[in-house]
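Working notes for the structure below.
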Amino acid sequence: MTTNYDPIAEQYKRSKQMPWRTFVECYTLMELAGNPSSLSVLDIACGEGFYTRMIRQRGAARVTGVDLSQGMITLAQQQEDAHQQGIAYIVGDARELPVQEEYDLAIAAYLLNYARTREELQSMCDGIARALKPGGRFVTVNSSPAFHFPASPSFRQFGFETKAVGDWQEGTPITWTFHLEDGPFDIENYYLSVATHENAFRQAGFSEVRWHPPQLSPEGLQDQTDDFWSPLLENSPIAFIECVK
Ligand SMILES: C[S@@+](CC[C@H](N)C(=O)[O-])C[C@H]1O[C@@H](n2cnc3c(N)ncnc32)[C@H](O)[C@@H]1O
C-alpha cells in the first residue's frame with residue numbers, strides 16, 4: 001500500500017481508463033468545472049495530468065498542474081513534450097502552494113483524502129483558497145467522507161474494491177484496490193468527516209460549499225444499464241464538492 005505515487009504512476013495512469021472513471025468521475029467533475037474558456041486553472045495533485053490536459057483542451061486560457069510526486073510530474077511532462085498544450089507542470093505540495101490569488105478555478109481530484117488530520121486538511125484548503133482570485137471556484141472529487149468504508153459493498157464489477165480496517169475515526173486509512181488486466185494495485189487514503197471538511201472550507205475563506213452526488217453521463221447509460229451503475233451512484237464511495245471563495 002502506498003501514498004507515494006512514484007512507483008505506481010504508470011498503473012494509476014491506466015486505471016484512469018476504467019469506464020466508471022470516464023462515465024461518472026470525469027463526467028461529473030467536468031460538469032462542475034463548467035466552461036473554462038478564458039479562465040486560469042490550477043490542477044492540484046494533478047498526477048500524470050489527466051484532468052490538466054482535459055481542462056486545457058476544453059478551452060482554459062492558462063493551466064498549471066502541481067503534484068507532490070516527481071514520478072507523476074515526469075509522466076505529465078513527457079506527455080506535454082510529446083503533444084505540447086502549453087501546460088506548466090511543477091512538483092509541489094498542496095499545503096505550501098507558492099501562488100497568490102492568480103487562478104479563477106482550482107480543481108483537485110483525490111487530494112483532500114490524503115489529509116490524515118484536520119490540521120493537514122486545513123493547510124490544503126488554506127493553500128487552495130490563497131491560490132484563487134476572490135469569487136474563484138474550487139471543484140474536487142474524493143473518497144466520500146459520508147461513505148461508511150468499513151461496510152463497503154464490493155465494487156468489483158467496476159474494477160475496484162475499497163475497505164477500511166479498525167476503528168472508524170478521523171484519520172482511519174481507507175484502501176482502494178484497482179484491478180488491472182496485469183494484476184491489482186493498492187492506494188491508501190484517509191477518512192475525515194463531513195463536518196471536518198465543512199469547517200476547513202469555511203476557515204480557509206470559502207463562502208459557499210456545495211456537495212454534489214455523482215452523475216452518470218448519457219454515454220454511460222448506453223454502455224451499461226441503470227442496474228449496473230446504481231451501486232456506484234446510490235451509495236457512492238466518491239463525493240464531489242464545489243466551493244466559492
Ligand atoms: C489518486 S492521485 C490523483 C491524480 C489526478 N488528480 C487524477 O485524478 O488523475 C492523487 C495524487 O495526489 C498527489 N498528492 C498527494 N498529496 C499531495 C500533496 N500534499 N500535494 C500535492 N499532491 C499531492 C499524489 O502524488 C498523487 O499524484
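Numbers here are sequence positions counted from 1.
The hydrophobic clustering, which links ILVMFWY residues whose side-chain heavy atoms are closer than 4.5 Å, places Trp229 and Tyr27 apart. Each of Leu68 and Tyr190 belongs to its own hydrophobic cluster when Ile, Leu, Val, Met, Phe, Trp and Tyr are linked at side-chain heavy-atom distances under 4.5 angstrom. At a threshold of 4.5 Å between side-chain heavy atoms, the hydrophobic network of Ile, Leu, Val, Met, Phe, Trp and Tyr places Ile174 and Tyr110 in one connected group. Tracing side-chain contacts under 4.5 Å through hydrophobic residues (I, L, V, M, F, W, Y), one reaches Phe206 starting from Leu111; they form part of the same cluster. In the hydrophobic cluster analysis, where Ile, Leu, Val, Met, Phe, Trp and Tyr join through side-chain heavy atoms closer than 4.5 angstrom, Leu121 is grouped together with Val194.
Checking side-chain atoms of Lys245 against main-chain N and O of Leu132 turns up a donor-acceptor pair under 3.5 Å. Judged by distance alone, the side chain of Gln224 and the main-chain N or O of Gly220 form no donor-acceptor pair under 3.5 Å. Remark: side-chain polar atoms of Thr140 are paired, donor with acceptor, to backbone N or O of Ala108 under 3.5 angstrom. Under a 3.5 Å cut-off, the side chain of Thr172 and the backbone N or O of Asp167 do form a donor-acceptor pair. The closest donor-acceptor contact from the side chain of Gln122 to the backbone of Ala200 lies under 3.5 Å. Of the possible donor and acceptor atoms, one in the side chain of Thr28 sits under 3.5 Å from a partner among the backbone N and O of Gln215. Under a 3.5 Å cut-off, the side chain of Asn142 and the backbone N or O of Leu112 do form a donor-acceptor pair. Looking only at distances, a side-chain donor or acceptor of Arg202 sits under 3.5 Å from a matching main-chain atom of Ser207. Checking side-chain atoms of Arg56 against main-chain N and O of Ala61 turns up a donor-acceptor pair under 3.5 Å. Using modelled atom types, one side-chain atom of Thr74 and one backbone atom of Gln70 make a donor-acceptor pair closer than 3.5 Å.
Here the side chains of Leu97 and Arg130 are not in contact, with every heavy-atom distance at 4.5 Å or above. Within the 4.5 Å cutoff, the side chain of Pro231 has heavy atoms near those of the Phe158 side chain. Inter-residue side-chain proximity for His212 and Arg210 is flagged as met; some heavy-atom pair is nearer than 4.5 Å. In this structure the side chain of Ile55 reaches within 4.5 angstrom of the side chain of Met30, judged on heavy atoms. You'll find the side chain of Gln78 stays beyond 4.5 Å of the side chain of Glu48, heavy atoms only. Proximity of Tyr191 to Gln169: side-chain heavy atoms (C-beta onward) are nowhere separated by under 4.5 Å. Proximity of Leu233 to Leu216: side-chain heavy atoms (C-beta onward) are separated by under 4.5 Å at one or more points. At a threshold of 4.5 Å between non-hydrogen side-chain atoms, the residues Ile87 and Arg53 count as touching.
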### Stepwise side chain to side chain contact (heavy atoms under 4.5 Å, CB included) check, Thr175 with Thr177
CA-CA 6 Å; Thr175 305; Thr177 303; 4.1 Å; yes
### Task
Kindly indicate, with the supporting measurements, whether the criterion side chain to side chain contact (heavy atoms under 4.5 Å, CB included) is fulfilled by Met54 and Cys26.
CA-CA 10 Å; Met54 190 172 291; Cys26 177; 3.5 Å; yes
### Task
Go through Phe178 and Arg14 one step at a time and tell me if the side chain to side chain contact (heavy atoms under 4.5 Å, CB included) criterion holds.
CA-CA 10 Å; Phe178 294 93; Arg14 280 190 285 137; over 6 Å; no
### Task
Test side chain to side chain contact (heavy atoms under 4.5 Å, CB included) on Gln157 and Leu232 and set out the steps.
CA-CA 10 Å; Gln157 72 199 78; Leu232 189 65; over 6 Å; no
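Closest non-hydrogen pair, Asn189 versus Ser143, comes out as OD1-OG, 3.1 Å. Closest approach of Leu192 to Ala115, counting heavy atoms only: CD1-O, 3.6 Å. Residue Asn235 comes nearest to Phe147 through the heavy atom pair O-CE1, 3.2 Å, listed as atom of the first residue, atom of the second, then distance. Nearest heavy atoms, Gly86 versus Glu80: N-OE2, 2.8 Å. Pairing each heavy atom of Asp186 with each of Ile8, the nearest pair is O-CD1, 4.4 Å. The minimum heavy-atom distance between Val99 and Ala131, with the atom names listed, is CG2-CB, 3.4 Å.
Aromatic ring centres of Trp211 and Phe240: separated by at least 6.0 Å.
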For residues 17-24, which side-chain donor-acceptor pairs fall under 3.5 Å, sequence neighbours excluded?
unit_1: Arg21; atom_1: NE; unit_2: Ser15; atom_2: O; d: 3.2
unit_1: Arg21; atom_1: NH1; unit_2: Glu25; atom_2: OE1; d: 2.8
unit_1: Arg21; atom_1: NH2; unit_2: Ser15; atom_2: OG; d: 2.9

Check: residues 34-47 side-chain donor-acceptor pairs under 3.5 Å, at least two apart:
unit_1: Asn35; atom_1: OD1; unit_2: Ser37; atom_2: N; d: 2.9
unit_1: Asn35; atom_1: OD1; unit_2: Ser37; atom_2: OG; d: 2.8
unit_1: Ser40; atom_1: OG; unit_2: Glu102; atom_2: O; d: 3.0
unit_1: Ser40; atom_1: OG; unit_2: Asp104; atom_2: N; d: 3.3
unit_1: Ser40; atom_1: OG; unit_2: Asp104; atom_2: OD2; d: 3.0
unit_1: Asp43; atom_1: OD2; unit_2: Thr52; atom_2: N; d: 3.1
unit_1: Asp43; atom_1: OD2; unit_2: Thr52; atom_2: OG1; d: 2.7

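For the residue pair Tyr103/Thr64, the side-chain donor-acceptor check at 3.5 Å is satisfied. For the 3.5 Å distance criterion, the side chains of Gln203 and Asn199 fail to qualify, holding no donor opposite an acceptor. No hydrogens or angles considered: nothing links the side chains of Ser236 and Ser144 as a donor-acceptor pair under 3.5 Å.
A salt bridge does not link Lys133 with Glu101: every distance from a Lys NZ or Arg NE/NH1/NH2 to an Asp or Glu carboxylate oxygen is 4.0 Å or more.
Using the six-membered ring where Trp is involved, Trp168 and His148 have ring planes that are perpendicular, over 60° apart on the 30 and 60° scheme.
The distance from atom CD1 of Ile107 to atom CZ of Arg137, rounded to the nearest 0.5 Å, is 10.5 Å. A distance of 4.0 Å separates CD in Glu170 from OG in Ser193, rounded to the nearest 0.5 Å. With rounding to the nearest 0.5 angstrom, the CG atom of Asp226 is 8.5 Å from the CD atom of Glu234. Atom CZ of Phe201 is separated from atom OG1 of Thr196 by 10.5 Å, given to the nearest 0.5 angstrom.
In this structure, Lys16 forms a cation-pi arrangement with Phe50, its terminal cationic atom sitting closer than 6.0 Å to the ring centre and no more than 45° off the ring axis.
Screening Phe149, Phe160, Trp176 for a ring pair (Phe, Tyr, Trp, His ring centres under 6.0 Å) involving Phe155 leaves a single residue, Phe160.
The stretch residues 82-93 participates, sequence neighbours left out, in these side-chain hydrogen bond (donor to acceptor under 3.5 Å, both in side chains) pairs: Asp93-Arg95.
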